[in-house]
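All remarks here apply to the structure that follows.
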Amino acid sequence: MSADGPASPGRFITLEGGEGAGKSTQQRRLAAWLRENGLEVVETREPGGSPGAEEIRALLVTGATGRWDAVTETLLHFAARRDHLVKTVRPALERGAWVVCDRFADSTMAYQGYGQGLGRETVAAFYDLVVGDFRPDLTLVLDLPVAEGLARANARNGSAAGDENRYEKMDLGFHERLRQGFHDIVAREPGRCLLVDAAGDEDAVAAKVQAVVRERLGGRLE
Ligand code: TMP
């Protein structure tokens with residue numbers, strides 16, 4: 001946050017990671033802390049985050065694992081992303097809100113680029129075409145061994161998440177590749193991205209997230 005107070009520009013923070021890494025919980029906690037600091041915060045997610053993008057989400061997160069080929073799937077994610085950016089994210093940033101987003105384009109790079117084998121160049125080309133120069137101000141990648149994340153995700157599905165488990169059903173090799181993808185993304189863009197060990201308890205991870213946001217984005221955050 002700049003010294004301009006409420007008139008300062010909005011910030012775009014994205015939370016990334018594999019299945020079961022605790023992004024949604026950390027999103028809620030980060031948003032609550034930013035609000036305590038007097039900021040307007042918009043919590044949103046991908047795929048989804050606008051009415052049109054939520055409709056596209058249903059095509060992506062339910063049904064058989066082989067429902068789409070990798071290019072079609074990537075185009076659907078970018079179609080949802082475009083609508084989300086135009087309808088939700090940009091208007092919020094323009095009025096000075098801080099946007100905390102559960103997943104963004106690094107998920108496409110990790111899941112489709114690495115996991116589904118589409119490759120970095122193709123995903124980057126779609127990004128340039130659809131999103132252009134816009135990038136998150138900060139991306140926190142919550143990192144967890146694959147087996148642990150999938151076990152947590154399965155436990156969650158037993159209770160609430162319903163049939164939104166298309167990616168969780170994909171094979172272990174897919175999940176290992178996408179985890180490696182997230183590691184590569186962080187290594188390539190250390191100024192924007194940071195890997196956060198998500199194996200600790202919820203409070204410890206939340207404290208780490210706050211410390212990073214304070215250090216990188218907000219001298220006045222307490
Ligand atoms: P969620 O379970 O974190 O809400 O995300 C829905 C699923 O969509 C998750 O398994 C990851 C996947 N996904 C992609 O494969 N590519 C993307 O670009 C995004 C945003 C999500």
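Order of listing sets the numbers, starting from 1, for every ligand and every atom in it.
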Counting only non-hydrogen atoms and a 4.0 Å cut-off, the residues near ligand 1 are Glu19, Lys23, Glu46, Pro47, Arg57, Val61, His77, Arg81, Arg103, Ser107, Thr108, Tyr111, Gln112, Tyr167

Residues at least two apart in sequence or cross-chain that pass side-chain hydrogen bond (donor to acceptor under 3.5 Å, both in side chains) with Arg192, listed by chain then number, are Asp106, Thr139, Glu189

Distance to the ring centre below 6.0 angstrom and angle to the axis at most 45 degrees; does that hold for Arg81 and Phe78?
yes

Requested in this report: Verify the distance criterion only: is there a donor paired with an acceptor across the side chains of Asp163 and Thr62 at less than 3.5 Å?
Outcome: no

Salt bridge (charged side-chain N to carboxylate O under 4.0 Å, His left out) filter on Arg29, not counting sequence neighbours, yields Glu202, Asp203

Checking Glu19 against Lys169 for the salt bridge (charged side-chain N to carboxylate O under 4.0 Å, His left out) test, could you report, in this order, the C-alpha distance in whole Å, the side-chain angles of both residues, the deciding distance, and whether it holds? CA-CA 11 Å; Glu19 304 301 315; Lys169 291 186 294 191; over 6 Å; no

Those residues at least two apart in sequence (or on a different chain) that pass ring pair (Phe, Tyr, Trp, His ring centres under 6.0 Å) with Phe12 are Phe104, Phe134

